[in-house]
There are 2 protein chains.
Amino acid sequence: MDNSLPATTRKPRSTAGRVTIRQVASHVGVSAITVSRYFKQPDSVSEELRGQIAAAVAELGYVPNLVAGGLASASSRIVGMVIPNISGPIFANTIQSFSDILSQNGYQLMLSSSYFSSEQEENAVRSFLGWSPAALVLTSYFHTEATEKMIAQAGIPVLEIWDLQTERSPIQVGFMHEDVGRMAARYLIGKGYQRIAFVTNSIAGDGSAVDRSNGYKEVVEQEGRAAQIFTPTARLPLEAGEEAFKALIGGDKPADAIIFANDNLACGALLAAQRAGIHIPQQCAIVGFGDYAIADKLYPSLTTIRPPATEIGEVAARRILELVGALPAPENAPAHFHLQCTLIERESS
Amino acid sequence: MDNSLPATTRKPRSTAGRVTIRQVASHVGVSAITVSRYFKQPDSVSEELRGQIAAAVAELGYVPNLVAGGLASASSRIVGMVIPNISGPIFANTIQSFSDILSQNGYQLMLSSSYFSSEQEENAVRSFLGWSPAALVLTSYFHTEATEKMIAQAGIPVLEIWDLQTERSPIQVGFMHEDVGRMAARYLIGKGYQRIAFVTNSIAGDGSAVDRSNGYKEVVEQEGRAAQIFTPTARLPLEAGEEAFKALIGGDKPADAIIFANDNLACGALLAAQRAGIHIPQQCAIVGFGDYAIADKLYPSLTTIRPPATEIGEVAARRILELVGALPAPENAPAHFHLQCTLIERESS
DNA sequence: TTGTAAGCGTTATCAT
DNA sequence: ATGATAACGCTTACAA
């Protein structure tokens with residue numbers, strides 16, 4: 001008696017009993033590719049079949065195997081993001097909005113933190129590339145040579161977010177720190193303040209704080225005034241803010257408005273003023289940067305400049321979805337999205 | 001003339017020019033499986049070949065295709081995590097530590113937020129399962145029926161983190177809110193305070209705040225005292241805190257210590273006290289919950305109870321790595337990891 | 001609009 | 001210690 005099965009036994013694999021696209025297809029009586037099309041381009045499947053397939057999917061509890069799909073199509077619906085840290089007050093909103101828009105469009109976020117280390121960024125990028133991601137998002141614009149090589153060869157969109165550095169070619173979404181200093185200075189000048197000082201971060205190597213001070217300096221000097229930039233020595237931001245405040249408020253030509261490089265410094269100044277009985281903003285106005293959660297809880301509440309954190313995540317996610325064809329792409333999309341910070345006016349100015 | 005090639009032309013695919021394991025293998029002069037073993041179980045490859053393979057990998061710039069590997073082995077080095085929100089002050093530390101430990105061990109974090117919606121959680125779980133993740137982490141213990149079904153059938157470790165609900169069978173890593181109330185009450189009793197009140201959250205449906213108040217009530221009543229639980233009506237936490245403070249500090253039997261359901265409420269009380277010239281903690285002690293970033297920046301700084309956020313991420317990540325065999329597993333691992341909160345004593349008590 | 005066949009790059013299984 | 005072969009579940013290319 002003839003048996004068409006192979007002589008040797010098959011090599012079964014522990015397939016974990018997963019429902020496959022073929023089971024759905026045979027349940028409906030169509031081929032697998034039709035079910036595949038039902039998910040990818042529903043319009044190319046007749047309405048009748050669509051209904052039947054939907055019913056079969058529900059009945060069998062079919063969940064598309066994205067790993068297999070990714071292998072077949074040589075690209076996955078994963079977007080990798082490397083961010084300095086997740087838990088800081090600054091980046092969380094960017095991650096949040098970025099992740100939300102991706103998942104609304106069927107893409108998944110793969111996240112890794114670099115702690116401002118280019119080497120850790122490189123490792124993360126290497127791991128991500130093993131997943132054939134649809135796109136990659138890096139924070140800032142300094143990368144190792146190996147990273148540069150990998151992203152050049154990857155053949156996928158790579159966006160740089162947060163700080164803008166428009167000389168570079170990749171797609172960037174962010175803001176310019178100089179704008180922050182300019183905005184704060186113009187605002188205080190417009191309010192009639194005369195002696196406006198700037199307090200940088202005592203942490204050496206915070207280049208962004210220096211960028212902000214440069215914007216301040218530019219505007220103040222355009223007005224024909226002298227820029228006064230103070231660098232505190234205390235390490236802890238609250239103490240550094242207090243130190244700067246006491247130094248700038250004293251002397252024969254005390255400042256009547258101070259821009260702080262971040263909200264923590266400004267907070268230190270506000271608390272010092274409170275203890276010393278100095279009235280803010282009557283005796284001295286205070287402006288911060290970051291719009292941390294404390295800013296509106298202080299007394300007086302803190303005028304500050306809010307970076308477009310949520311917007312950066314949104315714009316980056318949308319642009320990626322456009323580039324991979326998941327959203328309709330506009331005709332002339334810029335390479336650099338220069339977003340604006342917002343001045344939040346509160347009681348301290 | 002015989003030509004063994006097929007009559008029709010081949011069907012090439014856009015392979016994106018990726019370096020494959022086979023190219024590495026033929027470069028060395030071995031078979032693909034040997035290179036595969038070099039990555040998975042280096043000990044089973046001779047030392048000589050190891051060196052040659054390493055050289056070839058470096059020279060060709062080979063990056064293992066994890067998608068293909070995931071398909072072949074029916075499991076990926078991805079761990080999915082669903083968290084209520086990324087940007088809140090609470091969960092960020094958990095995500096951070098969880099992500100860090102995973103990536104240190106070659107696993108990747110896939111993240112999605114639920115905004116406390118079981119339906120969004122269900123969608124996220126469904127998406128994740130398409131990636132054949134090695135494990136899943138969900139926040140809290142209320143899921144839709146469909147989610148319960150999916151995680152039961154997935155055949156992978158599913159951990160629930162944050163709130164503990166030890167009657168449930170899955171692996172849990174978290175703390176108990178009742179403990180928070182107990183800890184605060186015992187602490188204030190130990191400090192000699194007499195009339196200790198509790199302020200819950202005005203947001204209806206914050207069950208965790210109610211749990212904390214229950215812990216407070218239990219301890220206070222054990223001492224033979226009357227529990228006093230105040231529920232403010234104001235919606236904004238700062239206003240609600242102020243409302244509660246004014247109500248509890250007034251009257252003929254004013255509270256001399258107040259436990260607030262969270263730091264934002266406590267902050268509102270602290271600011272109200274400041275404006276009213278009421279001395280904290282001399283006239284009334286204040287204790288919060290959460291250890292938000294503001295807590296140590298207020299004046300006076302806020303005594304509060306810190307949830308084990310970082311520890312939850314660490315313990316969950318380690319347990320997952322143990323369960324998937326990436327870390328050596330201890331003999332008797334508990335199903336429920338009951339972690340402790342920490343009381344941070346500052347100036348307000 | 002639907003179907004057939006081949007292959008995506010890796011690993012499980014069996015064999016040496 | 002190393003290799004041959006066949007899956008893994010899906011999608012591309014081509015055909016009807």
Side-chain angles (χ1 to χ4, degrees), chain A residues 5-26 28-53 57 60 62-77 129-132, chain B residues 5-26 28-53 57 60 62-77 129-132:
Chain A
L5 286 172
T8 56
T9 37
R10 295 250 167 199
K11 297 180 184 177
R13 283 204 182 179
S14 56
T15 176
R18 180 169 201 146
V19 179
T20 72
I21 204 172
R22 253 184 276 262
Q23 288 173 275
V24 176
S26 73
V28 176
V30 296
S31 72
I33 188 67
T34 303
V35 179
S36 174
R37 287 191 183 110
Y38 163 78
F39 283 107
K40 297 273 159 188
Q41 325 153 28
D43 295 340
S44 71
V45 177
S46 67
E47 203 177 321
E48 193 191 343
L49 279 183
R50 274 196 297 228
Q52 295 181 35
I53 293 173
V57 166
L60 300 175
Y62 170 68
V63 176
N65 186 328
L66 302 175
V67 179
L71 177 58
S73 66
S75 88
S76 72
R77 292 192 163 213
L129 287 181
W131 288 103
S132 305
Chain B
L5 285 172
T8 55
T9 39
R10 296 247 164 199
K11 299 177 184 179
R13 281 207 180 178
S14 55
T15 175
R18 178 167 205 149
V19 179
T20 72
I21 204 170
R22 254 184 276 262
Q23 288 172 274
V24 176
S26 73
V28 176
V30 295
S31 73
I33 190 68
T34 303
V35 179
S36 175
R37 285 188 186 114
Y38 163 80
F39 284 106
K40 296 274 159 188
Q41 324 153 28
D43 295 340
S44 71
V45 176
S46 67
E47 203 179 321
E48 192 191 342
L49 279 182
R50 272 194 299 228
Q52 295 181 36
I53 292 173
V57 165
L60 300 176
Y62 169 68
V63 177
N65 186 328
L66 302 174
V67 179
L71 177 58
S73 67
S75 87
S76 72
R77 290 190 164 216
L129 287 180
W131 288 104
S132 305

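In what follows, every heavy atom counts, from backbone to side chain, and hydrogens, waters and symmetry copies are set aside. Here the structure is a predicted model, which means the values were calculated and not measured.
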Asker: Measure from CG on B/L66 to C1' on C/dT10 and round the result to the nearest Å.
Answerer: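 So the two atoms are 10 Å apart, to the nearest Å.
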Asker: To the nearest angstrom, how far is B/R22 atom CZ from C/dT10 atom P?
Answerer: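 About 8 Å, once rounded to whole Å.
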Asker: Quick one: B/I33 CD1 to C/dA15 P, roughly how many Å, whole number?
Answerer: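 Distance, rounded to whole Å: 16 Å.
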Asker: Do A/R22 and A/V35 come close enough that some side-chain heavy atom pair is under 4.5 Å?
Answerer: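 Not in contact.
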Asker: Tell me which nucleotide among D/dG9, C/dG3, C/dT10 gets nearest to the side chain of A/R18.
Answerer: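 Nearest to the side chain of A/R18 among the choices is D/dG9.
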Asker: Check the distance between D/dC8's P and A/I21's CD1 and give it to me in whole angstrom.
Answerer: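 From A/I21 CD1 to D/dC8 P: 15 Å.
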Asker: Between A/A74 and A/S132, which heavy-atom pair has the shortest distance, and what is it?
Answerer: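 Smallest interatomic distance, heavy atoms only, reads O-CB, 4.3 Å.
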Asker: Would you say C/dG9 has OP1 or OP2 under 4.0 Å from some side-chain N or O of B/T20?
Answerer: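 So the side chain of B/T20 is outside the cut-off, no N or O lying under 4.0 Å from OP1 or OP2 of C/dG9.
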Asker: Could you state the CD-P distance from A/Q23 to D/dC8, rounded to the nearest angstrom?
Answerer: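 Atom CD in A/Q23 sits about 11 Å away from atom P in D/dC8.
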Asker: It should be established whether B/T34 places a side-chain nitrogen or oxygen under 4.0 Å from OP1 or OP2 of nucleotide D/dG3.
Answerer: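 Answer is yes, contact under 4.0 Å.
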Asker: Any idea which heavy atoms bring B/W131 and A/S76 closest together, and the distance?
Answerer: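 Distance-wise, the nearest heavy atoms are CH2-CB, 3.3 Å.
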Asker: Do any of residues 37-51 of chain B sit with a heavy atom less than 4.0 Å from DNA chain D, and if so which?
Answerer: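 When residues 37-51 of chain B is checked for heavy atoms under 4.0 Å from DNA chain D, the hits, listed by number, are B/R37, B/S44, B/V45, B/S46, B/L49.
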Asker: Report yes if the side chains of B/V67 and B/L71 come closer than 4.5 Å at any heavy-atom pair, otherwise no.
Answerer: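 Heavy-atom side-chain distance check fails, nothing below 4.5 Å.
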Asker: To the nearest Å, how far apart are B/Y62 OH and C/dT10 C1'?
Answerer: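 About 7 Å, once rounded to whole Å.
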Asker: Considering heavy-atom distances to DNA chain D, does A/V63 or B/V30 have its closest nucleotide positioned more toward the 5' end?
Answerer: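 Looking at the nearest nucleotide for each, B/V30 comes out on the 5' side.
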Asker: Would you indicate what A/S31 reaches in the nucleic acid, counting non-hydrogen atoms under 4.0 angstrom: base, sugar-phosphate, or nothing?
Answerer: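 A/S31: base contact, heavy atoms under 4.0 Å.
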Asker: Mind calculating the distance between CG (B/L71) and P (D/dC8) to the nearest angstrom?
Answerer: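 Between P of D/dC8 and CG of B/L71: 9 Å.
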Asker: Mind calculating the distance between CG (A/L129) and P (C/dG9) to the nearest angstrom?
Answerer: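 Spelled out: CG on A/L129 to P on C/dG9 is 15 Å.
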Asker: Starting from the 5' end of DNA chain C, give me the residue, B/A32 or A/A32, whose nearest nucleotide shows up first.
Answerer: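 Counting from the 5' end, the first nearest nucleotide belongs to A/A32.
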Asker: Can you find a heavy atom in the side chain of B/R50 that is under 4.5 Å from one in the side chain of B/D43?
Answerer: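 The answer is yes; the side chains approach within 4.5 Å.
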Asker: Kindly say whether B/G69 contributes a backbone atom to a donor-acceptor pair with the side chain of B/S73 at under 3.5 angstrom?
Answerer: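 Here the side-chain-to-backbone pair exists.
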Asker: Return the orientation label for the A/Y62 and A/F39 ring planes: parallel under 30°, perpendicular over 60°, tilted otherwise.
Answerer: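 The rings of A/Y62 and A/F39 sit tilted, inter-plane angle from 30° to 60°.
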